[in-house]
Engineer: 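Here's a structure for you.
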Number of protein chains: 2
Amino acid sequence: MLSQAEENYLKAILKLSQKNGKSVSTNAIADELYTKASSVSDMMKKLSEKSLIHYVKYQGVYLTEKGKGLAVHIVRKHRLWEVFLVNHLNFKWDEVHDIAEQLEHIKSLELVNKLDAFLNFPSFDPHGDPIPNEAGEFPKTSAIPFSELPVKSRGKVVAVVMDEPSFLKYLDKLNISIGAQVEVIEVNEFDDSFDVKINDIQSHISLDVAKNILISLL
Amino acid sequence: MLSQAEENYLKAILKLSQKNGKSVSTNAIADELYTKASSVSDMMKKLSEKSLIHYVKYQGVYLTEKGKGLAVHIVRKHRLWEVFLVNHLNFKWDEVHDIAEQLEHIKSLELVNKLDAFLNFPSFDPHGDPIPNEAGEFPKTSAIPFSELPVKSRGKVVAVVMDEPSFLKYLDKLNISIGAQVEVIEVNEFDDSFDVKINDIQSHISLDVAKNILISLL
DNA sequence: AATAATTTTTAGTCACGTCTAAATTTATAT
DNA sequence: ATATAAATTTAGACGTGACTAAAAATTATT
């Protein structure tokens with residue numbers, strides 16, 4: 001049985017290896033978990049002994065099949081709980097992360113699957129992140145960052161990359177939510193910002209924001 | 001912020017002080033938590049320093065107002081989650097204890113209150129145990145043990161005292177559930193057992209079982 | 001290729017929550 | 001009231017997961 005700390009490490013490694021390439025560095029994990037590289041080294045030994053990661057000293061780590069399966073399962077739990085919190089308990093999408101961070105460690109396969117059924121087997125969480133099914137498979141999407149939407153094309157917001165509350169609140173202010181229709185009117189080269197339309201209303205967003213919004217073409 | 005271990009100790013002290021008198025002994029706590037008396041002593045010092053219990057060496061402990069408030073809140077969370085698990089996720093009443101034992105440690109006042117509202121502010125959990133409200137007040141009941149129901153009187157099952165799965169499964173077998181109508185036909189003095197009617201069907205239960213079923217008179 | 005800078009690991013320490021074994025206090029019995 | 005039994009606490013240890021400081025390995029620079 002894994003401790004919460006171990007689970008958090010697995011999740012961090014999964015997240016980092018999805019974002020970047022294969023092998024994840026000790027420092028990257030330390031940054032992700034707000035801990036120190038030395039603590040990470042210690043934990044890497046333990047996870048390696050449990051065959052959850054491949055670990056070669058000084059060479060970074062990556063998940064084994066077993067480790068990846070467990071990490072994906074934790075992500076599944078996290079996202080299912082977020083759906084529950086937003087759809088049934090009326091939390092806002094920027095309020096659920098910390099609570100789901102706790103709920104994801106509850107141990108009961110039956111609970112997860114019954115929750116999944118209760119929620120009607122959702123494919124995406126309130127932030128648009130894909131929810132793996134019981135077999136650990138992610139639903140596939142063909143989303144691109146808003147920042148890469150060609151001028152004059154229209155798209156629909158399907159997900160956000162960051163889930164920091166401050167970012168989500170800012171999106172609320174901009175009236176950007178999952179499902180919103182968006183269009184690029186013009187790219188402002190000098191500051192890399194975008195003149196856009198959100199649900200047909202003119203607006204303006206920075207490159208940083210645009211990169212963190214995923215859309216599908218319409 | 002309390003650790004899970006600290007919360008479990010508070011809960012154990014509350015449970016024991018409700019059952020027996022005021023002051024709770026070190027050994028009783030150790031038994032309740034399947035730990036050792038020495039571990040309990042250590043923890044009593046810590047809880048005492050945090051003003052959650054009154055602790056005099058060798059004299060047992062009892063909860064302070066502050067400690068009692070926290071303990072009651074944990075019980076509230078435990079029982080609300082049990083309602084959720086049984087009423088919405090289709091768990092059986094004998095399956096929810098261990099999961100609720102984990103869920104009760106999730107920290108978010110807002111979550112508890114939103115869950116409470118979602119469940120329609122239930123007063124009793126699936127085992128008939130009273131659920132304290134946000135202010136920490138328990139609903140009052142005038143339940144008596146089945147074992148004290150006078151012969152020929154009829155009653156309605158409102159709660160069970162134990163929530164061990166094996167006991168609950170046995171009650172299922174006897175067709176005894178919350179709300180069942182019961183009547184004592186005869187007391188068998190030689191083995192302290194009871195001839196009873198459960199929903200008008202004749203049955204037979206032992207004193208041990210009868211003591212653990214709470215009923216209200218009809 | 002040698003040195004400097006960075007990254008990573010090791011060594012030693014600490015708080016938490018547990019344990020066993022020994023000491024101490026309280027309760028019981030003669 | 002004194003000896004014995006039972007309950008409780010203390011002392012010392014351990015595993016977990018964190019930290020700091022120092023050492024070692026890797027990567028970057030000239």
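Lettering follows sequence order; numbering is per chain, from 1.
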Engineer: Contacts to DNA chain C from residues 3-11 of chain A, heavy-atom cutoff under 4.0 Å, which residues?
Structural biologist: none
Engineer: Between the side chains of Lys11(B) and Glu101(B), is the shortest nitrogen-to-carboxylate-oxygen separation below 4.0 Å, so that they form an ion pair?
Structural biologist: yes
Engineer: Output a table of donor-acceptor pairs, distance under 3.5 Å, between side-chain atoms of residues 36-44 of chain A and any protein atom two or more places apart or on a different chain; print 'none' if there are none.
Structural biologist:
none

Engineer: In whole angstrom, give the distance that lies between atom OH of Tyr58(A) and atom C1' of dT6(C).
Structural biologist: 12 Å
Engineer: Would you list the pairs meeting ring-ring contact (aromatic ring centres under 6.0 Å, His included) in which at least one residue belongs to residues 12-46 of chain A, sequence neighbours left out?
Structural biologist: none
Engineer: The side chain of Ser38(B) lies closest to which of these nucleotides: dT9(D), dT20(D), dT20(C)?
Structural biologist: dT20(C)
Engineer: Considering just the side-chain nitrogens and oxygens of Lys45(B), establish if one lies under 4.0 Å of OP1 or OP2 belonging to dT10(D).
Structural biologist: yes
Engineer: Is the shortest distance from a Lys or Arg side-chain nitrogen in Glu7(A) or Lys107(A) to a carboxylate oxygen in the other one below 4.0 Å?
Structural biologist: yes
Engineer: Would you indicate what Thr26(B) reaches in the nucleic acid, counting non-hydrogen atoms under 4.0 angstrom: base, sugar-phosphate, or nothing?
Structural biologist: sugar-phosphate
Engineer: Counting only heavy atoms not in Gln18(B), do more than 12 sit closer than 6.0 Å to its CD atom?
Structural biologist: yes
Engineer: Residues from residues 27-35 of chain B sitting under 4.0 Å of DNA chain D, heavy atoms only?
Structural biologist: Asn27(B)
Engineer: Can you give the donor-acceptor pairs under 3.5 Å from side chains of residues 112-123 of chain B to other protein atoms, not counting sequence neighbours?
Structural biologist:
from	atom 1	to	atom 2	distance (Å)
Asn113(B)	OD1	Arg76(B)	NH2	2.8
Asn113(B)	ND2	Leu109(B)	O	3.4
Asn113(B)	ND2	Glu134(B)	OE2	3.0
Lys114(B)	NZ	Asn90(A)	O	3.0
Asp116(B)	OD2	Arg76(B)	NH1	3.1
Asp116(B)	OD2	Arg76(B)	NH2	3.1

Engineer: Apply side chain to side chain donor-acceptor pair (under 3.5 Å) to Asp129(B) and list each qualifying residue two or more places apart in sequence or on a separate chain.
Structural biologist: none
